[in-house]
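Inspection log for the structure reproduced underneath, given as structure tokens.
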Amino acid sequence: MNRLPLDGITVVSLEQAVAAPFATRQLADLGARVIKVERPGAGDFARGYDESVLGQSSYFVWLNRSKESVTLDIKTPGGREVLERLLGGADVFVQNLAPGATGRLDLGAGELAERHPSLIVCDISGYGSSGPWADRKAYDLLVQCETGVVSLTGSPAEAAKVGISIADIAAGMYAYSGILTALYERRATGRARAVEVSLFEALAEWMGSPAYYTAYSGTQPARVGAQHATIAPYGPYDAADGKTVLLAVQNEREWTSFCAVFLGDPALATDARFARGSSRVARREELNAIVAARFAELTAADAVALLDAAKVANARLNSVADFWDHPVLGGRDRWRDVATPGGTVRALLPPASLDGVDPRMDPVPAVGEHTDAVLRGLGYRDAAISALRAEGAV
């Protein structure tokens, strides 16, 4: 039987949307038992984001495989009792409720430490549990704006958000690594540390390079579409057959080879206009015209062949459909079938492959699918479960 690294770890999560579910799904991938607490009826509101995946939300299917769904109204006495029983047998508690909710519900890290001293508590918020914006709502696009990401993304004429939920994803990744670190320390020392992650501070970390560049140069990196703000040539070019190829010249060795092999003009490598990286950026438009003219003479396939010969990194400008059928994912056997309430879907294996470990790829749960089983595991008999339903607690 395949034993996973987190077998024996139980996670209880009051989670919704993206950040917390992403963190807990990664724990489930490695074998943790994740009990997802959802609201009776509708469940996690991310279930209703769209109906694109066999009638289900693309977000929910992505983030919630291998979990057990339990419906609880934790504002009722019965629901709260169930939650406390769950926490009493858990190793980790994760929440990303609205600002101030844990305090009103007596579920703050400090209060929980008194009742459950071995429990690792992970709080995920928009702007942190303290400070001037502790009570402010935060969603991915808002955090992209507040951290300055949107000011860096897009064309010179128009700023644009990143097309995926990077603030949520960043927070989920840091919550996951923080929880793993806390589990490691608890095993080594017996101490259960609380973990706190905010969307803002997670994405602020990702802003390191442009923040340093701006603070110390006095100038913010320009918005240059799919080009690189501080490296040239680095970006997309249209070939003669209408297809788009991106290339990335990262250093002087590549620049010299690019000029000789791709452009067919070795002397351009030492031309004073383009001899340094900063010079190429300053004369980006002039350089792009030269590169674009060469691309206009070649098909995309021929351009890629020459770039490969020059040992210059390149890529196709793929659509999402192209990505879905990418030869690397197929050639490396990265897809698995996962059951959902609407039918079977393909799902990617987790990106961190551990030698000899096959990750869990169990079904995506229906709302409340495991409520009765979990309650029975806590010692509730059928009559007590019926009473909880009558109360509206489950």
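All residue numbers in this chain count up from 1 along the given sequence.
Salt-bridge annotation for R389 and D372: present, with a side-chain N of the basic residue lying under 4.0 Å from a carboxylate O of the acidic one. Taking 4.0 Å as the cut-off between side-chain N and carboxylate O, E15 and K67 count as a salt-bridged pair. Using a 4.0 Å cut-off between charged side-chain N and carboxylate O, R191 and E185 make no salt bridge. A salt bridge does not link E111 to R115: none of the charged nitrogens lies less than 4.0 Å from a carboxylate oxygen. Residues D73 and R80 are not paired through a salt bridge, judged by the lack of any N-O separation under 4.0 Å between the basic side chain and the carboxylate. Under 4.0 Å is where a charged nitrogen must lie from a carboxylate oxygen, and between R294 and D265 no such pair does.
Two different hydrophobic clusters hold L63 and L348 under the rule that ILVMFWY side chains link at heavy-atom gaps under 4.5 Å. I9 and L86 fall into different hydrophobic clusters, where Ile, Leu, Val, Met, Phe, Trp and Tyr are joined by side-chain heavy atoms under 4.5 Å apart, directly or via other members. V18 and L97 fall into different hydrophobic clusters, defined by Ile, Leu, Val, Met, Phe, Trp and Tyr side-chain heavy atoms under 4.5 Å apart, directly or through other members. Hydrophobic clustering, with ILVMFWY side chains joined whenever heavy atoms are under 4.5 angstrom apart, keeps F93 apart from L183. L119 and V37 fall within a single hydrophobic cluster, where Ile, Leu, Val, Met, Phe, Trp and Tyr are joined by side-chain heavy atoms under 4.5 Å apart, directly or via other members.
When only modelled atom types and interatomic distance are considered, D241 and T299 share no side-chain donor-acceptor pair under 3.5 Å. No hydrogens or angles considered: a donor-acceptor pair under 3.5 Å links the side chains of S58 and D50. Side-chain contact check for N288 and Q227: at least one donor-acceptor pair (N or O, by modelled atom type) lies under 3.5 Å. Under the 3.5 Å distance criterion, with hydrogens and angles disregarded, no donor-acceptor pair is assigned to the side chains of Q16 and N96.
When all heavy atoms are compared, the tightest approach of A159 to V150 is CB-O, 3.4 Å. Closest heavy-atom contact between M361 and V338: O-CG2, 3.8 Å. Listed here is the closest heavy atom pair of A229 and V281: O-CG1, 4.0 Å. Here the closest non-hydrogen pair linking A138 and G126 is CB-CA, 3.5 Å.
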Please table the atom pairs, donor to acceptor, closer than 3.5 Å between any side-chain atom in residues 161-175 and protein atoms at least two apart or in another chain.
{"from": "S165", "atom 1": "OG", "to": "Y59", "atom 2": "OH", "distance (Å)": "3.1"}
{"from": "Y174", "atom 1": "OH", "to": "W206", "atom 2": "NE1", "distance (Å)": "3.3"}

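A donor-acceptor pair is defined here as one N or O able to donate and one able to accept, closer than 3.5 Å; no such pair exists between the side chain of E369 and the backbone of P365. Between the side chain of R283 and the backbone N or O of L287, no donor-acceptor pair lies under 3.5 Å. Between the side chain of D322 and the backbone N or O of S319 there is at least one donor-acceptor pair closer than 3.5 Å. The closest donor-acceptor contact from the side chain of Q26 to the backbone of F22 lies under 3.5 Å. A side-chain donor-acceptor contact under 3.5 Å links H228 to the backbone of T230. In terms of modelled atom types and a separation under 3.5 Å, the side chain of R25 and the main chain of W62 share a donor-acceptor contact. A donor-acceptor pair is defined here as one N or O able to donate and one able to accept, closer than 3.5 Å; such a pair exists between the side chain of N64 and the backbone of F60. A donor-acceptor pair is defined here as one N or O able to donate and one able to accept, closer than 3.5 Å; no such pair exists between the side chain of S198 and the backbone of Y127. A donor-acceptor contact shorter than 3.5 Å links the side chain of R334 to the backbone of P350. Between the side chain of R47 and the backbone N or O of A42, no donor-acceptor pair lies under 3.5 Å.
Qualifying side-chain contact (heavy atoms from CB on, under 4.5 Å) partners for T147, counting only residues two or more places apart in sequence or in other chains: V143, V149, F200, L203, M207. Evaluation of the salt bridge (Lys or Arg N to Asp or Glu O under 4.0 Å) rule for D135 yields no partner, not counting sequence neighbours.
Between D123 and S129 the shortest side-chain heavy-atom distance does not fall below 4.5 Å. Between L112 and L87 there is a side-chain heavy-atom pair separated by less than 4.5 Å. For the pair V12/V94, no side-chain contact is recorded, criterion being any heavy-atom separation below 4.5 Å from C-beta on. Between T371 and E68, every side-chain heavy-atom pair lies at or beyond the 4.5 Å cut-off.
Taking a 6.0 Å sphere around OH of Y139, one finds it holds 12 or fewer heavy atoms contributed by other residues, nucleotides or ligands. More than 12 heavy-atom neighbours from other residues, nucleotides or ligands sit within 6.0 angstrom of CZ on R273. Within a 6.0 Å radius of CZ in R346, other residues, nucleotides and ligands contribute more than 12 heavy atoms.
The distance from the OG atom of S353 to the CG atom of D355 is 9.5 Å, given to the nearest 0.5 Å.
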Check against side chain to side chain contact (heavy atoms under 4.5 Å, CB included), V249 and I231: CA-CA 8 Å; V249 173; I231 304 174; 5.8 Å; no
L152 vs Q220, side chain to side chain contact (heavy atoms under 4.5 Å, CB included): CA-CA, chis, key distance, verdict: CA-CA 8 Å; L152 297 169; Q220 176 167 313; 3.8 Å; yes
Step-by-step side chain to side chain donor-acceptor pair (under 3.5 Å) determination, E51 to S57: CA-CA 5 Å; E51 298 86 34; S57 161; over 6 Å; no
Intermediate values then yes/no, side chain to side chain contact (heavy atoms under 4.5 Å, CB included), Y237 and V291: CA-CA 8 Å; Y237 298 91; V291 177; 3.6 Å; yes
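A cation-pi contact links R85 to Y380, judged by a cut-off of 6.0 Å to the six-membered ring centre and 45° from its axis.
With K36 as the partner, the side chain to side chain donor-acceptor pair (under 3.5 Å) test is satisfied by one option alone out of T71, D44, T24: D44.
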